[in-house]
J.: 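Below you will find the structure I want to go over with you.
Positions are given from 1, in the same order as the sequence printed here. Each ligand, and each atom within it, is numbered from 1 in the order the structure gives.
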Amino acid sequence: MKVLKFGGTSIGSAAKIKNLAKIIDNGEEKIVVLSAMSGTTDKLEEIASLFLNGKKEEAVVQIELLKKKYFQVVEELFSENEYLIKGKELIKQHFDYLLSFTKDVFTRYEESAVLAQGELLSTILLQFYLEEQKISSVIIPALNFMRIDKSLEPDEYYIRENIKRELAQYPDIKLFITQGYICRNAFGEIDNLKRGGSDYSASLIGAEIGADEIQIWTDIDGFHNNDPRYVEKTFPIHELSFDEAAELAYFGAKILHPSSVLPAKVKNIPVRLKNTMQPDAPGTLITENEIEGEIKAVAAKDGITAVKIKSGRMLLAYGFLRKVFEVFERYKTPIDMITTSEIAVSVTIDNPKYLPEIKKELESYASVEIDDNQTIICVVGNLIAEGKGIALKVIQALEDIPLRMISYGGSKHNISVLINAEDKVRALNELNNKLFKFDE
Ligand code: ASP
Ligand code: MG
């Protein structure tokens, strides 16, 4: 059994849904995990926030706009009258539900229910279309098996037992469809795996059923060696190790949700990134295999804040770093990069929500300097095997760019530098020219 996840752009229109049906209709056993149609979750977030702020009339305007878009999709998707009627009835039901919130109080609980509508709609629309095409499939509802516990981590045992129970009901079915992103929480309420979480759903499902392969289908042919949004010449990477993929996903390559690498890695299930627009392109295969001695890719992560904590007390002292890290831990703020000198330590964070509190606590024993608007540039590959000169190459490529922090040796897969956000595009291009060979 394979798990195939299709992102919002892969089902962004009636034509794309038809294209997707062709890709999945090959007789192989599979679970198809769907996101919402592109733009939908953004819109639902907007609608939920209008409700939360008591702006009911504006919420209704946005609901009607989105509804219109879905009616158009239905018109283009189905050719038989029976399915046109079924499709329209489905849209009406879901949008009536959204409109019903104009009468009720609206809390965080309702917000999750609103956000879930995109995936609920896309899966049923696909299933109706397959039915119209006489392709047999079954929806296994994510809300029946996908669950997070009280610490918001996936409840693996629950997921495994319940997905197996769902699948066992249909011994003759080869094509299953389910919703990405949505789940239930420890209280049984509708919840979600956070934005972009459909990849994570696919990986969790793949891991719990012991899938042969997890495929993530998007609109690009896999991980590229650099960010195609900022660099003109890039190429797809055919093979990556789990660790390299995790670094790239975390440090800015938008193609894969960073949490989705771990479940696959733990169960050693290959992950393949594929392009719906070019289904025959090889994409990127992520496995435990490490290819020695190669720089694989460069990625950038924006929105980083650097915090420098300086104290004479750090000199020759032990326990100072623990004291510093405990402050970040108390405010549930993850640290990405760290560099130290004898009297100071610099760390980076990507979530500055509790920065004022953190700063205040640290200032009771150290001076604190904050630089926001920073970018981490990360170079990924099996870099230790590449051996001598790799750090030099990276730093030389960036010789004209001020470097705020450099991190090398934390793992063998990554060299990271911290720069001002305004230097990002230049840094990505310099690294592209100097680290990779291109066939002319
Ligand atoms: N539909 C959700 C989102 O837009 C989940 C996903 O696409 O992965 O964030
Ligand atoms: Mg995504």
J.: NZ of Lys68: more than 12 outside heavy atoms within 6.0 angstrom?
T.: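 Incorrect, the count does not exceed 12.
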J.: Does ligand 1 have any atom sitting under 4.0 Å from a heavy atom of Gly180?
T.: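 Judged by the 4.0 Å heavy-atom criterion, Gly180 does not count as contacting ligand 1.
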J.: Assess whether a salt bridge exists between Glu64 and Lys67, defined as any Lys/Arg side-chain N lying under 4.0 Å from an Asp/Glu carboxylate O.
T.: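 Salt bridge between Glu64 and Lys67, a charged N being under 4.0 Å from a carboxylate O: yes.
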J.: Polar-atom distance check: Gly8 versus ligand 1, any N or O pair below 3.5 Å?
T.: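 No.
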J.: Non-hydrogen atoms of Gly196 versus ligand 1: any pair closer than 4.0 Å?
T.: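 Gly196 counts as a contact of ligand 1 under the 4.0 Å cut-off.
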J.: Measure from NZ or CZ of Lys301 to the centre of the six-membered ring of Tyr250 and say whether it is under 6.0 Å with the direction within 45° of the ring axis.
T.: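 Relative to the ring axis of Tyr250, which defines the angle, Lys301 lies inside both limits.
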J.: Number the atoms of ligand 1 from 1 as they appear, then name those within less than 4.0 Å of a heavy atom of Ser35, with their elements.
T.: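 That gives atoms 6 (C), 7 (O), 8 (O) of ligand 1.
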J.: Please determine if Tyr181 has a nitrogen or oxygen closer than 3.5 Å to a nitrogen or oxygen of ligand 1.
T.: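 Looking only at distances, the answer is no, because the N/O contact criterion of under 3.5 Å is not met.
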J.: Check ligand 1 against Arg195 and write out every atom of the ligand that is under 4.0 Å from a heavy-atom position of the residue.
T.: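 What qualifies from ligand 1 is 3 (C), 4 (O), 9 (O).
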J.: Phe6 versus Leu126: any side-chain heavy-atom pair under 4.5 Å?
T.: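 Of all side-chain heavy-atom pairs linking Leu126 with Phe6, none is under 4.5 Å.
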J.: If the plane angle is over 60° it's perpendicular, under 30° parallel, otherwise tilted; pick one for Tyr200 and His257.
T.: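 Correct class here is parallel.
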J.: If you draw the axis of the six-membered ring of Tyr230, does the NZ or CZ of Lys424 fall within 45° of it and under 6.0 Å from the ring centre?
T.: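 Positive - Lys424 is close enough to the ring of Tyr230 and near enough to its axis.
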J.: Do Lys5 and ligand 1 have an N or O pair less than 3.5 Å apart?
T.: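 Min N/O separation from ligand 1 is not below 3.5 Å for Lys5.
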J.: Heavy-atom contact check, 4.0 Å cutoff: does Glu119 meet ligand 1?
T.: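 Right, Glu119 reaches ligand 1.
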J.: For Ser198, take its heavy atoms, then give the atoms of ligand 1 lying under 4.0 Å from any of them.
T.: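 In order of numbering, the contacting atoms are 5 (C), 6 (C), 7 (O), 8 (O).
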J.: Do Ser407 side-chain atoms and Ser416 backbone N/O form a donor-acceptor pair below 3.5 Å?
T.: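 Looks like no, no N/O pair under 3.5 Å.
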J.: Would you check whether Lys194 has a nitrogen or oxygen atom less than 3.5 angstrom from a nitrogen or oxygen atom of ligand 1?
T.: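 Not met; the criterion fails.
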